[in-house]
Protein chains: 2
Amino acid sequence: MTIHTSREFRSATPLGTGAGTGFEALLPPSSVQPATLYAAGSEIYAQGEKAGDLYQVEFGAVRVYRLLADGRRQIAAFHLAGEVFGFETGKTHHFFAETIGATGIRVIRQHAGADASRELLPLALESLVRAQEHLLVLGRQNAAERVAAFLMDMAARQGDLEEIELPMSRGDIGDYLGLTIETVSRVFSKLKEKGIVRLPSLRKVKIVKMQTLRDMSE
Amino acid sequence: MTIHTSREFRSATPLGTGAGTGFEALLPPSSVQPATLYAAGSEIYAQGEKAGDLYQVEFGAVRVYRLLADGRRQIAAFHLAGEVFGFETGKTHHFFAETIGATGIRVIRQHAGADASRELLPLALESLVRAQEHLLVLGRQNAAERVAAFLMDMAARQGDLEEIELPMSRGDIGDYLGLTIETVSRVFSKLKEKGIVRLPSLRKVKIVKMQTLRDMSE
DNA sequence: CGTTGACTTGAAGGTATTCAAGCTTTGTGG
DNA sequence: CCACAAAGCTTGAATACCTTCAAGTCAACG
């Protein structure tokens, strides 16, 4: 189902709002396609599928994950409005990608030209640094530190606002942080109890003591 | 201390042995420098330093890591002969890079040309996929599974030989797998006890039951 | 042959998980 | 718009796995 948004195809207007990554200008305009609307939980690509194209989130959010044989899931990354994902080596995807809520996605067709590489390398490196920094969180931080780091990251990606929007469930957060849903919930409760955050609704977090949270995430 | 190896500068001979990554041919020949010999434990770059160049391991091994304020360390990647590292976003390094044993390193000066990007993108993506796959290990696997995955990875990178060489200490392995040195040691002992591996020396592992180990790492 | 650093092994303790129950929010049909 | 069902979330108690602390062994090197 391809929809046409109010924004004109090839519009010079950057995608998204203040939450954008700032990389929009780097994209090769000639390969941008109209956005497609996906329902919540739609698969964009699956592990083993043929890879090649890249994707940009117009609105909504995407989770990229891997599964173990017994069903354990690790979310490697969340992608918010403006961000590009789908980078792969070789011919097939190593991961699954799914929308979280209702989400608009643009396909960026990869062409062999040198221009594309020059523009894509910074985006790939952005993902690389993000993944390597997340390794520190998963390898060496405890539950409270992980959640704090997650909240700081989400805040930074939403323009350092005090009130942040969580598009994903507690289960998704757990599978991103390498924790169970129960542990995530307990840490949220503890942060609230200590007055570090307020939880106006399940999917909203108001950060009251930003510096405390920053110190927690080290 | 810059040394000249027996291999000629700009030689067509690929670096390393059968353990190479196969990416040597992709490197821009015009930017390859003579190799430099580093003593064990030498710093190649530090967090906060100006980034820009890339590095290729000629022989030996490198660890790329990050530290928390209290000294906890997470090794994001090991790099063996033939592999390229040093990819960064922005102007400064987010990580430390150190040689493990005595190691030869070539500097690959980055120039702005499109050619370089085209050649470097696959290398960056290789690192990205490796990092994202490691997230699954750190986030969702137990100690035995982590060590099994590590050994399978090292074996694959050394040409799927039965007897593999570990250039790094137990402490390094622990900091890579998000485990303590004691836990790593205990898992090694257990694997030996079960006849899955033999340990001819501290830095050598003979994989006896390859399939069992593969199944363990899922 | 003694010293040093790296590794191994044991015992106790702590943090996150598992299992279980109850609560809250959201969506749907009457 | 309300009632109910379903899904998602929270909280508690018991358990498991890994860490911490401690001691001892092994190997390399002078």
Side-chain angles (χ1 to χ4, degrees), chain A residues 39-41 61 63 68 70-75 100-102 137-151 165-194 197-205 216, chain B residues 39-41 61 63 68 70-75 100-102 137-151 165-194 197-205 216:
Chain A
R63 58 181 167 246
L68 287 171
D70 62 2
R72 280 175 288 177
R73 181 179 72 156
Q74 177 64 42
I75 295 180
I100 295 178
V137 174
L138 295 187
R140 288 292 177 226
Q141 296 197 209
N142 63 32
E145 292 168 337
R146 292 183 201 201
V147 172
F150 170 73
L151 291 176
E165 195 75 48
L166 302 181
M168 69 293 286
S169 68
R170 298 287 189 272
D172 284 341
I173 296 172
D175 283 350
Y176 177 65
L177 296 178
L179 301 171
T180 60
I181 183 173
E182 294 95 330
T183 299
V184 172
S185 182
R186 275 185 254 270
V187 174
F188 270 68
S189 299
K190 203 70 156 182
L191 290 175
K192 179 177 150 191
E193 188 186 297
K194 289 185 179 173
V197 303
R198 263 185 286 165
L199 305 172
S201 79
L202 280 175
R203 298 292 176 98
K204 281 200 178 73
V205 179
M216 281 181 68
Chain B
R63 56 181 169 245
L68 287 172
D70 63 0
R72 281 174 287 176
R73 182 180 70 157
Q74 177 62 43
I75 294 179
I100 295 179
V137 175
L138 295 187
R140 288 293 176 224
Q141 298 198 200
N142 64 30
E145 291 168 336
R146 292 183 200 203
V147 172
F150 169 72
L151 292 176
E165 195 75 48
L166 301 181
M168 69 292 287
S169 69
R170 298 288 188 270
D172 284 340
I173 296 172
D175 283 349
Y176 178 65
L177 296 178
L179 301 171
T180 60
I181 183 173
E182 294 95 329
T183 299
V184 172
S185 182
R186 276 184 254 270
V187 174
F188 270 68
S189 297
K190 204 70 156 182
L191 290 174
K192 179 177 151 190
E193 188 186 296
K194 288 184 179 174
V197 304
R198 263 184 286 166
L199 305 171
S201 78
L202 279 177
R203 299 292 176 98
K204 281 201 179 73
V205 179
M216 281 181 67

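Nearer to the 5' terminus of DNA chain D, by closest-nucleotide assignment, is the contact made by Val184(A) (compared with the other of Val184(A) and Arg140(A)). When the nearest nucleotides of DNA chain C are assigned to Gln141(A) and Ser201(A) by heavy-atom distance, the more 5′-ward of the two goes with Gln141(A).
Residues Arg146(B) and Val184(B) form no side-chain contact, since every pair of their non-hydrogen atoms from C-beta on lies 4.5 Å or further apart. Side-chain contact between Arg170(A) and Leu202(A): present, with at least one pair of heavy atoms (C-beta onward) separated by less than 4.5 Å. Counting heavy atoms from C-beta outward, Val137(A) and Phe150(A) have side chains that stay 4.5 Å or more apart.
A sub-4.0 Å separation between OP1 or OP2 of dC7(C) and a side-chain N or O of Arg203(B) is present. Between Thr180(B) and dT19(D), a side-chain N or O to OP1/OP2 separation shorter than 4.0 Å is present.
Whole-Å rounding puts the Glu182(A) CD to dT15(D) P distance at 17 Å. One atom, CZ of Arg170(A), and another, C1' of dT24(C), lie 12 Å apart when rounded to the nearest Å. When the C1' atom of dA6(C) is taken as reference, atom CZ of Phe188(B) falls 13 Å away, rounded to whole Å. Rounded to a whole Å, the NZ atom of Lys204(B) is 15 Å from the P atom of dC7(C). Taking atom CG on Leu177(B) and atom C1' on dC17(D), their separation rounds to 16 Å, with Å as the unit. Atom CG of Leu179(A) is separated from atom P of dT18(C) by 11 Å (rounded to the nearest Å). Here the P atom of nucleotide dC17(D) and the NZ atom of Lys190(B) are 11 Å apart, to the nearest Å. Regarding Ile181(B), its CD1 atom lies at a distance of 18 Å from the P atom of dA23(D), rounded to whole Å.
Side-chain atoms of Arg186(A) lie closest to dT18(C) of the nucleotides dG10(C), dC9(D), dT18(C). Listed nucleotides dT18(C), dC7(C), dA16(C) differ in distance to Ser169(B); the shortest reach to its side chain belongs to dC7(C). Checking dC18(D), dT25(C), dA22(D) against every side-chain atom of Asn142(B), the shortest atom distance belongs to dC18(D).
Within 4.0 Å (heavy atoms only), Ser189(A) reaches sugar-phosphate atoms of the nucleic acid but no base atom. Using a 4.0 Å heavy-atom criterion, one finds that Ser185(B) contacts the bases of the nucleic acid, with or without backbone contacts as well. Arg146(A) comes within 4.0 angstrom of no nucleic acid atom, judged by non-hydrogen atoms across all strands. Note on Gly174(B): nothing from the nucleic acid sits closer than 4.0 angstrom, heavy atoms only.
Remark: side-chain polar atoms of Arg186(A) are not paired, donor with acceptor, to backbone N or O of Ile181(A) under 3.5 angstrom.
One finds the NZ atom of Lys204(B) at 4.5 Å from the CD atom of Glu165(B) (value rounded to the nearest 0.5 Å).
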